[in-house]
There are 2 protein chains.
Amino acid sequence: MNVTTFSALAEPNRLDIVHLLREGPLPVGEIAGRLELNQPQTSKHLRVLSDAGLVEVQAAANKRIYSLRAEPLEEMNTWLDSFRSMWEDRYDQLDAYLQQLQHKKEDS
Amino acid sequence: MNVTTFSALAEPNRLDIVHLLREGPLPVGEIAGRLELNQPQTSKHLRVLSDAGLVEVQAAANKRIYSLRAEPLEEMNTWLDSFRSMWEDRYDQLDAYLQQLQHKKEDS
DNA sequence: TTTTCATATTCCTTTACAGGAATATTCCGA
DNA sequence: TCGGAATATTCCTGTAAAGGAATATGAAAA
């Protein structure tokens, strides 16, 4: 797992940008406007996200359209696999417990 | 999604600690030893991870045993749900493509 | 080819954070 | 209760990163 991904997402405004881009690609001005950020800082944040591979740019006239890239999030998902048993085990135990309750109920 | 989680994981040594703790709970000294970190920095990193809820402590004699906590990772997993369609769609398309290939093969 | 719009970059300042070294704290055993 | 082991905290310093303001770049329109 690449720390750069976490590092890029560790900044509130950048996380907001990522959330916003879930709805679809947007030009810089739109992003800045909706999140009430100044244009320069928006560009800077997009640079960081771009370096981390979380977004990609596409030029359209004098606009630059940013969109989300799946790879880093996919990697994060794969990374989570190695932890998933932690909570799934818990659910299994809860399952077992609930079933036990069910049996008791049937007995009574 | 809490930025604190990302922020805590955005540091290489801390990510290593988390990885190490996948194998099970460990006292500070063990962690420091295995990762070749100094004890004070190890404690500091563990503090950050603890504040982020990624680990928890249990006192045992004069040792302090740290272990992973599932919650933040579970939250991250849930958070990823809102992106999951991004790559699943891709796989669907790949699926469709592969099936198409299969059909062509059958035709020939 | 100017002007204008959209975006990127630079410079500056402030703040947060990481590591090193030293020290404080806490608990156990003699 | 004293010494020592395990861990936490503090102080210091260097560095990276964020925001503000100004400016540079690049493409479109006039």
Side-chain angles (χ1 to χ4, degrees), chain A residues 1-21 23-69 72 76, chain B residues 1-69 72:
Chain A
M1 181 68 204
N2 196 349
V3 281
T4 310
T5 307
F6 290 133
S7 161
L9 296 171
E11 209 281 329
N13 291 317
R14 283 198 293 268
L15 192 55
D16 286 343
I17 293 178
V18 168
H19 287 159
L20 181 56
L21 289 180
E23 301 165 18
L26 287 176
V28 179
E30 260 308 289
I31 300 173
R34 300 227 202 154
L35 301 180
E36 301 186 24
L37 298 175
N38 296 326
Q39 177 269 316
Q41 351 290 2
T42 306
S43 282
K44 284 188 241 180
H45 284 312
L46 285 167
R47 183 87 151 84
V48 176
L49 289 171
S50 176
D51 287 349
L54 279 159
V55 301
E56 61 187 1
V57 209
Q58 190 186 351
N62 60 346
K63 296 196 176 183
R64 310 200 118 224
I65 315 292
Y66 282 84
S67 51
L68 277 182
R69 286 188 68 248
M76 205 159 118
Chain B
M1 181 67 205
N2 195 349
V3 280
T4 310
T5 306
F6 290 134
S7 162
L9 295 172
E11 208 281 329
N13 291 316
R14 283 198 292 269
L15 191 56
D16 286 343
I17 292 178
V18 168
H19 287 158
L20 181 56
L21 290 180
R22 279 187 296 202
E23 302 166 16
L26 286 177
V28 179
E30 260 309 288
I31 300 173
R34 297 226 203 156
L35 301 180
E36 301 186 25
L37 299 175
N38 296 326
Q39 177 269 315
Q41 349 291 1
T42 306
S43 281
K44 285 190 245 179
H45 284 313
L46 285 168
R47 183 85 151 87
V48 176
L49 289 171
S50 176
D51 288 349
L54 278 159
V55 300
E56 62 188 359
V57 210
Q58 190 185 353
N62 59 346
K63 294 196 175 179
R64 311 202 117 222
I65 315 293
Y66 282 85
S67 50
L68 278 182
R69 285 187 70 248

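Every heavy atom of this structure was used, including side-chain atoms; hydrogens, water molecules and symmetry mates were not. Labels below follow one simple rule: chain letters A, B, ... track the order of the sequence lines, proteins then strands, and each chain is numbered from 1.
Proximity note for B:Arg14 (side chain, C-beta onward) versus C:dA18, D:dT7, C:dA6: the nearest is C:dA18. Here the nucleotide nearest the side chain of A:Lys44, chosen from D:dT7, C:dA18, C:dT10, is C:dT10.
Atom CD1 of A:Ile17 is separated from atom P of D:dA18 by 11 Å (rounded to the nearest Å). B:Glu30 has its CD atom 17 Å from the P atom of D:dA5, to the nearest Å. Rounded to whole Å, atom P of C:dA6 lies 14 Å from atom CD1 of A:Ile31. As rounded to whole Å, 15 Å separates atom C1' of C:dA16 from atom CG of B:Asp51. Per the geometry, CG belonging to B:Leu49 stands 10 Å off P belonging to C:dA18, to the nearest Å. When the P atom of D:dA21 is taken as reference, atom CG of A:Asn38 falls 8 Å away, rounded to whole Å. In this entry the distance linking CD of B:Glu11 with P of D:dA17 reads 12 Å, nearest Å. Rounded to whole Å, atom P of D:dA8 lies 7 Å from atom CD of B:Gln39.
The minimum heavy-atom distance linking B:Pro25 with B:Ile65 is given by the pair CB-CG2, 3.6 Å. The nearest pair of heavy atoms linking A:Pro72 to A:Ala52 is CG-O, 3.9 Å.
Residue A:His45 places no side-chain N or O under 4.0 Å from the OP1 or OP2 atom of D:dA17. The side chain of B:Tyr66 contributes an N or O atom lying less than 4.0 Å from OP1 or OP2 of D:dA8. Contact annotation: A:Asn62 does not reach the phosphate of D:dA28 (side-chain N/O to OP1 or OP2, under 4.0 Å). Put simply, B:Arg47 has no side-chain N or O that comes within less than 4.0 Å of OP1 or OP2 on D:dA8. One finds a side-chain N or O of B:Asn13 lying less than 4.0 angstrom from the OP1 or OP2 phosphate oxygen of C:dG19.
Counting any heavy atom pair closer than 4.0 Å across all strands shown, A:Pro40 reaches a base atom.
With respect to the salt-bridge test (charged N to carboxylate O, under 4.0 angstrom), the residues A:Arg34 and A:Glu23 qualify.
Between A:Ala61 and A:Gln41, the one whose closest nucleotide on DNA chain D sits nearer the 5' end is A:Gln41.
At least one donor-acceptor pair under 3.5 Å links the side chain of A:Arg69 to the backbone N or O of A:Gly53.
With a 4.5 Å cut-off on side-chain heavy atoms, B:Asn13 and B:Gln41 do not count as touching.
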